[in-house]
Every structure is written in C-alpha cells, then in structure tokens.
Amino acid sequence: MKVQNIAVFVSGGGTNLQALIDAQNAGKIVSGKITLVIASNPAAYALTRAANAGIESAVVSRKEAATQAEFEEKIVSLLAEKNIDLIVLAGFMCILSESFTKRYPQRIINVHPSLIPSFCGKGYYGLRVHEAALSYGVKVTGATVHFVNEIPDGGRILLQKAVAIQDGDTPEILQKRVMEEAEWQILPQAVEMVCKEYSLKE
Ligand code: GAR
C-alpha cells in the first residue's frame, strides 16, 4: 500500500484546499497526502493556507508563460519532481489542454459547483455557475466531483451532492451554501476514495 502524493491546483481563496487540509488533519484522508500546491495566481490566498499547513507551493502563471505548452511544461516538471500521483483541481481557473489531461488519465479530479450536466462546460466557473442556476430558476443545485478529461467538465462523475435553493438567494449566498453543504464534503470524500483505490493496487 502506497500513500498517494497529491498536488492541489488553486487560483483563489482556496476554501476547497482548506477542506482537504482539514480532512487530512482529521484523519479523513489517509490514503493520500498533499505534498504540493500549485497556484496560477501569485495573489491567491490559497498560498497562505498552504504555507500555514506547512505544504510546499509554487506559482505557475499562465500570463507569464509565452504559450500554453510552456505553462504546462512547467507544471509537468514540478509534478515529476514531487512524484505526484493525483492532481486535484480545487478552484483552478485555467484551462488544461488535451495533451496535459491525456498524460494523467484518471489521475486528475475536479470539483464543480453544480450538478453536472447542468451549468457546466466552457464559461461556467465560480460565481457564474450560481448566477446561471438562479436565472434559470432551478430549485435544486449542488456540486460534482469528477475525473478530468479533454472535455470541459466531461469526465466520469465520482460524487455529487444536491443543495436546495432558497427564496432570496443571491449568487454569493448560494455559492457559500453549495460550498458548505456540498463541495467541502464531497471533495475530501472523493480524494480519499480515489487514493484508496490506487494505493491498494500498488
Ligand atoms: C469553488 O466553488 C469551485 O467549485 C469553483 O470555484 C470555487 C473556488 O473556491 N470551481 C469552478 O467553478 C471550476 N469550474 P475556492 O478557491 O474557495 O476553493
């Protein structure tokens, strides 16, 4: 049994990263260990969360790379250096190319703040997802954790959790409820589930 090395990719506040760190500290993630955090943005508060938890981090900015290939090569070499087994996209707001996702089949997971296949794919990220759910008028939304492949939000679903929409919800209020009631629960659960499966095979 080999504990899986996990890299978490972030771009912003990093509350999902915090949920993973807390789950690890609480003994809810035991088949994997977060050994690297990669931020696409040097101002991401997620970097402070990683530092506070004593986790190594790196910033790889898409803007500073000349091409998508150069951006991804930097990431690939960091992952190889740290022998990463599983990549977790936790509010990572950069697109990864097909050549990147094909390199890590069933080794990248993502948390998305809706019940896929609703409100997902190109252009649906962060608050926009909740704005779309409210403007459509759905009564139930939620979160999904899925494997990442070349289709945006298109890989096999691992876990989903529904969240009720309430009268007076704003995108911000709904985002917070979906995080608290769904994302922060199912992301750590899915990470342990996948790491456990891989660790038992090795
Ligand atoms: C989360 O709601 C996550 O599901 C979403 O961005 C937020 C990041 O928050 N991700 C996407 O929309 C990806 N398509 P966090 O930085 O506090 O974890």
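Counting starts at 1 for both ligands and their atoms, in listed order. As the structure is a prediction and not an experimental result, all values here were calculated from the model. Below, each value reflects all heavy atoms present in this structure, side chains not excepted, and no hydrogens, waters or symmetry copies.
Atom 6 (O) of ligand 1 has as its closest protein heavy atom Met93 CE, 3.2 Å. Looking at atom 13 (C) of ligand 1, its nearest protein heavy atom turns out to be Val111 O, 4.0 Å. Among all non-hydrogen protein atoms, the one lying nearest atom 12 (O) of ligand 1 is Gly126 N, 2.8 Å. Atom 14 (N) of ligand 1 has His112 ND1, 3.4 Å as its closest protein atom, hydrogens excluded (heavy atom only). Distance from atom 1 (C) of ligand 1 to its nearest protein heavy atom, with residue and atom name: Glu183 OE1, 3.1 Å. Given atom 7 (C) of ligand 1, the protein heavy atom at minimum distance is Met179 CE, 4.1 Å. For atom 8 (C) of ligand 1, the closest non-hydrogen atom of the protein is Gly91 CA, 3.6 Å.
Enclosure of atom CD1 in Ile95 is not indicated, since only 12 or fewer non-hydrogen atoms of other residues, nucleotides or ligands lie within 6.0 angstrom. Counting heavy atoms of neighbouring residues, nucleotides and ligands inside a 6.0 Å radius, atom NZ of Lys2 exceeds 12 of them. Taking a 6.0 Å sphere around OH of Tyr198, one finds it holds more than 12 heavy atoms contributed by other residues, nucleotides or ligands.
With Phe119 as the aromatic partner, Arg128 does not meet the cation-pi criteria of under 6.0 angstrom to the ring centre and within 45 degrees of the ring axis.
Residue Asn110 has no nitrogen or oxygen atom sitting less than 3.5 Å from a nitrogen or oxygen atom of ligand 1, judged on distance alone. Considering backbone and side-chain N/O atoms, Gly14 comes within less than 3.5 Å of an N/O atom of ligand 1. Residue Asn16 has at least one N or O atom closer than 3.5 Å to an N or O atom of ligand 1.
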- Query: Should Ser31 and Glu192 be marked as a side chain to side chain donor-acceptor pair (under 3.5 Å) after you check the CA-CA gap, both sets of side-chain angles, and the distance that decides it?
  - Reply: CA-CA 6 Å; Ser31 307; Glu192 174 58 18; 2.7 Å; yes
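Of the charged side-chain nitrogens involved, none lies within less than 4.0 Å of a carboxylate oxygen, so that Glu183 and Lys161 do not count as a salt-bridged pair. Taking the charged nitrogens against the carboxylate oxygens, Asp169 and Arg177 do have a contact shorter than 4.0 Å, which makes a salt bridge. Looking at Lys176 and Glu172, no side-chain N of the basic residue comes within less than 4.0 Å of a carboxylate O on the acidic one, giving no salt bridge.
Within the 4.0 Å heavy-atom criterion, the part of Tyr124 lying near ligand 1 is the backbone and not the side chain.
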